[in-house]
Each structure stands twice: as C-alpha cells, then as structure tokens.
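Working notes, structure below.
Just follow the structure's listing: the first ligand is 1, and inside any ligand the first atom is 1. We count residues from 1, following the sequence as given. Remember, it's a predicted structure, so these values are computed and weren't measured experimentally.
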Amino acid sequence: MTPARPLIPYPHALTHDEGHFVIDSDTQIRAMRGAEPAADWLAVFLRHGTGFPILTAPLTISEAEAALDNTIELILLDSDPELDDEGYRLDVMPDSIRLEANTPAGLFYGAQTLRQLLPAELETPPTAGEPPAAVPCLDIEDAPRYRWRGLHLDCARHMMPVAFIKRFLDWMALHKFNTFHWHLTDDQGWRIEIKAYPRLTEIGSQRAATPIPADRKTLDGQPYGGFYTQDEVRDVIAYAADRFITVVPEIEMPGHAAAALASYPELGCVGSGYQVRTFWGIEDDVFCAGNDQVFTFLENVLSEVIDLFPSAFIHVGGDECPKVRWEQCPKCQAAIAREGLKDEHELQSWFIRRMETFLNAKGRRLIGWDEILEGGLAPNATVMSWRGTEGGIAAAAAGHDVVMSPMSHCYLDYYQSEDTDNEPPAIGGYLPIDQVYRFNPAEGVPADKSGHVLGGQGNLWTEYMPTEAQVEYMAYPRAAALAEALWTAPAERDYGDFAARLNAHLLRLDALGVRYRQPNERES
Ligand code: ACM
Ligand code: ZN
C-alpha cells in the first residue's frame, strides 16, 4: 500500500496513481485568466526552492483540453456545481499537473497541497544532494468543512513586528487558514494608528512596565510600547490578501479600554486618573456608556478601521466588561432610565446594538465575544464563543452566525503539557494537541442550525508570549491540528494518522524555521 501523503489538513478524497511528475528547468506554469494569483504564488515558491526559471504564461481553453507537456496547468472553472467555493481538484500525471477550482482561493489551496506533496527541502533554496522535486501521481478532490478557519493573535499585550506577522501569515497559508483575527487594542496597549486621535498611540501605546513571566505579581520596571502605522496595517492586509487570508480587526469595547481611557480620560465614567494597565487581568475602568462623546469617538475610530480593513466582519470585543463603574455613574444610570433598560447588562447590550447599527450602515457585520449575548443579542450580530460552546449554540439556535473558539479546544495560550514545571510560563490551563485535533465546531448545535456555524478559531493571547519564539512554540504544532479540525470532516479524521503525518510535516516546519514545541510522541 502507498503510504499516506503527509498532507495537513488531509484532503477529502485522494487516489494514488503510478509514477511521478518531476519538476525540472523546463517545467512551466500555464494559468487561465483569473488563475494568476495562485500561479504567481506557485512560480515564486518553485523558483525559490528549485533554482529553476519556472516561467508562467497564459493558458487557453483549448490548450487546457489537450494537456501540455511538462506543464502545471491552473484552470479557473466556470462554476462547477460539484465543487465548493474554496474547493479544488488536483490531478498529478507523469507529464502534466492539472489544478482546477471555481475560485482563485480554491486554486491557491490546491497550490498549497501541491507544495506539501513536494519534498520539504523545497521550502529553502536548493543545495547539493537535495532530492529531486518530484510529485507522486495522484488525484485529489478537496474542499473545506468550514469557511471561517481562523487564528487570532493578541498584539496588545505583546506587539509583534510586521515582519513576524507576515511569517505568521505564511504559515497560516500553508495550513489553509483563511482568517487572521488581529487583536489590536486592550488595557495594556493601543496598537493601531488612528489619525483623528493621535493620543491613542502617543499615550495609549506605551505602558510603564510588564509583569515578569515567572511571577505575574512582579513588574519588570521596563517601559514597553509600540504601534502599527496605517501604512503598516495596509501592508499586512495586502500581504494576507495575496494568501487569501482576510484580516479581521478587533477594537475592544466597552471593556478592555484602559489604554484608550489613559489617552482620552473624558471617555471614562470617572473622567481622570487612568493609566495604560501594567498588570494582566480584568480592568474595572471601561468606556462610559452614558456619554455621547464615547460613541462619537468609537464611530470615528471604526470609520478609520473600516477604511483600512476590507473585511466583512469588524470585531468589537465585548468580553469581560465589569459593571462596577456603570453602577456608580450618573451618566450611565441616566442612559439606563432614558432607554428603559433593566440593568447594566442591558446597557451593555444597548451599547453593542448601537455600534452594530453604525457598522451595518457602513455595510459591515459586527462580531463579538459571547458576552454580547448578555442583556440581549444585537439583531444581526455574529457570536465568537469562547467561554465554552454554550453561547455559540444559543446564538445559532436563535438564528445567528457563530464562530466557535472555546477554551476547551482553541486556547493556544494554555499549557501543552501537564508537566508545567518543564514548560515556559503560560497563563494556565491544559490543552494538548490531541484535544485540539478533536475539536468539532458543530458539536451540540442542532442539525438544522449547523449552517450558522461559520467555523472555528485558535486564540493566541500573548500575556506569556513576550517573544516571537514563544508565539511559535505555543502556536505550533497545535495550529496544524486545528487546521485539520476546521478543514477535514470529523468522519475523515483520525488522530493516530494525523500524528504520523505530523512527524513528516514537522520537517517542513523545520525548513521554514518555525520554533514549534516537540510533540510528546516524539520525545520518547
Ligand atoms: C477572551 O478570552 N477574553 C475572549
Ligand atoms: Zn458612565
């Protein structure tokens, strides 16, 4: 029997054939109109890995019908009903490779599969003695189980440079993730330039100190700060778009707002005395919900965010908003009375609904953490369920779209081993890779509502990830397991099979320089 190919995520249907297609100095790529993005990506990849010139040229329909010799043909279909939007067919024959899809995204995923069928050595420039760039002959028909396949990165607690974000996006593309949730604002730092409010970055991007990883009650005494300019943000969005990844920005409200309040104290209930938070944890000071200036501010901020980010979804946070200030604030209490609200939970719900009206008028959809269910969900809101899946299940049952991101399977900031003494300090928890692998976003959702489950997402909160190396260590290889959980149907998944493929896949991550954690299986 032919061994399973080390593909992650594993495709829906794969049939092996005899022989190989060998890439040599005469191999060319031919792309039908609309197939250029995937063709260009593939050409750059193959030139880099083989040193061969690998020319690309247009492909006509009649040429595509008679397979061209020593050619990789990329064909954009005219809406084949048998194939999903993001699906593709890959036919590797001894003399030619045919990749077809309904969309440029589908072709890109096919190109990633082709990449994974090639030796890991192709991830780096050629060296003497490298194996030939041979692809085994086979037939694949593939499509993702879910259309939201996300990774989140908290750049507020620790900020990662643009060059790192691009590498992070490259690794996402390798695993067919399509959504990068960029957490840009929090109590400990505001990280996105907003032209209308320069103090957000002058003041809000800087904190006086950071807790030391080994002891969260002790501060290091070192000022920490930084932010992304709007040009950098545009650069990241364009880089992601080239890899068919949508960047969803998160601007936190009404809680997790200390950095904004330190910059503009009039936006808080008390009105003064705020600081960019240094300790981790939940901050009592939040945006005042009874002050119209707050809504003007947030609408102006979101207007700039909307101009930057083409994403259909804008994430407004909504999690962990203590109500102690609102309980004491005359303006908040007046808003509760004026709007006929029952309590502070309904005030938060009213706040989020108001932001949703604004976003919808701009043609965008609001997404927030599951606390936005409390006090009543905004009419069109999408819920990102993190405290478990119950919130997501309730929202789906009520006809809302949901993204499942429960702590039980998706919190990549949790420990990967129970032997925490031998792990770098982490926030807590325990989430081994096999548990991530067993994630099933639709579990518990009534079958007739499962269409509301857009997909799932892994979250990287960076309180205990001060360095790029630590983000890589926490993300991989668990993100590879998550990628398969979101792409491949549960009935087609098997952890033992995945673990075997992962051992080979790790060679590719090695070639890419990913500083992942060695899975336990390999240690013994
Ligand atoms: C969250 O982890 N606070 C969404
Ligand atoms: Zn208030």
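Every atom of ligand 1 is numbered from 1 in the order shown, and the set under 4.0 Å from a heavy atom of W369 is 4 (C). Listed by atom number, the atoms of ligand 1 under 4.0 Å from E320 heavy atoms are 3 (N). Per-residue contacts place W461 under 4.0 angstrom from the following atoms of ligand 1 (heavy atoms of the residue considered): 1 (C), 2 (O), 4 (C). Interface of Y411 with ligand 1, defined as ligand atoms under 4.0 Å from a residue heavy atom, comprises 1 (C), 2 (O), 4 (C).
Cation-pi check for R354 over F358 is not met; the charged atom does not lie both under 6.0 angstrom from the ring centroid and within 45 degrees of its normal. Under a cutoff of 6.0 Å and an axis angle of 45°, R501 and Y437 do not form a cation-pi pair.
Looking from atom 3 (N) of ligand 1 to the surrounding protein, the closest heavy atom is D319 OD2, 2.7 Å.
No part of M407 comes within 4.0 Å of ligand 1, judged by heavy-atom distances.
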Y516 and H505: CA distance, side-chain angles, deciding distance, ring-ring contact (aromatic ring centres under 6.0 Å, His included) verdict = CA-CA 12 Å; Y516 57 83; H505 186 71; 9.2 Å; no
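Here K166 does not pair with D170 in a salt bridge; the nearest charged N to carboxylate O distance is not below 4.0 Å.
Between W487 and H175, the gap from one ring centroid to the other reaches at least 6.0 Å. For an aromatic pair to be called close, the ring centres must be under 6.0 Å apart, and W350 with F295 satisfies this.
Rounded to 10°, the angle formed at the Zn ion (ligand 2) by C269 SG and C288 SG is 110°.
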